[in-house]
Amino acid sequence: MFSHVFVGVTDFERALRFYDRLFSVLDIKRRFYDADVPWVGWCAAAGGRPYFVISKPFNGQPHDVGNGQ
């Protein structure tokens, strides 16, 4: 069982637009968003887990394996 899936992205705003549109069709709701980090997470409308989370890598470098998740 997964608690969450965390995906590092290089272009946060573009990824946010993509996933917001995709998840709205699937009835998956945004549960948190912090533009200062930036990161955002979604989960099923019923709540609970797993979460799907995207974020820019914390060190400001381009996304790479282990940098951003």
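All residue numbers in this chain count up from 1 along the given sequence.
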Within a radius of less than 6.0 Å around CH2 of Trp39, do more than 12 heavy atoms belonging to other residues, nucleotides or ligands occur?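 Open.
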
Step by step, work out the side chain to side chain contact (heavy atoms under 4.5 Å, CB included) result for Val40 and Tyr19. CA-CA 10 Å; Val40 62; Tyr19 285 113; over 6 Å; no

Output field: ring centroids Phe52/Phe23 closer than 6.0 Å: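 Centroid distance Phe52-Phe23: below 6.0 Å, so yes.
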
Which atom pair, heavy atoms only, marks the closest approach of Ala35 to Pro38?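 That would be O-CB, 3.5 Å.
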
Identify the two heavy atoms, one from Cys43 and one from Pro50, that lie closest to each other, and give their separation to 0.1 Å.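 Looking at all heavy atoms of both residues, the closest pair is CB-O, 3.5 Å.
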
Identify each donor-acceptor pair in which a side-chain atom of residues 25-32 lies under 3.5 Å from a protein atom, sequence neighbours left out, and give them as a table.
| unit_1 | atom_1 | unit_2 | atom_2 | d |
| --- | --- | --- | --- | --- |
| Asp27 | OD1 | Lys29 | NZ | 3.0 |
| Arg30 | NE | Asp20 | OD1 | 3.4 |
| Arg30 | NH2 | Asp20 | OD1 | 3.2 |
| Arg30 | NH2 | Asp20 | OD2 | 2.3 |
| Arg31 | NH2 | Ala44 | O | 3.0 |
| Arg31 | NH2 | Ala45 | O | 3.1 |

Find the distance between CZ (Phe6) and OG (Ser55) and round it off to the nearest 0.5 Å.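 Taking CZ in Phe6 and OG in Ser55, the distance rounds to 4.0 Å.
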
From Ile54 CD1 over to Tyr51 OH, what is the distance, rounded to the nearest 0.5 angstrom?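 Here the interatomic distance stands at 15.5 Å.
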
Could you pull out all residues at least two apart from Arg14 that satisfy side-chain contact (heavy atoms from CB on, under 4.5 Å)?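 With sequence neighbours excluded, Arg14 shows a side-chain contact (heavy atoms from CB on, under 4.5 Å) to Asp11, Arg17, given in chain and number order.
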
Test item: Val53 and Val5 side chains (from C-beta on) under 4.5 Å apart, heavy atoms: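 Counting from C-beta outward, Val53 and Val5 never come under 4.5 Å.
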
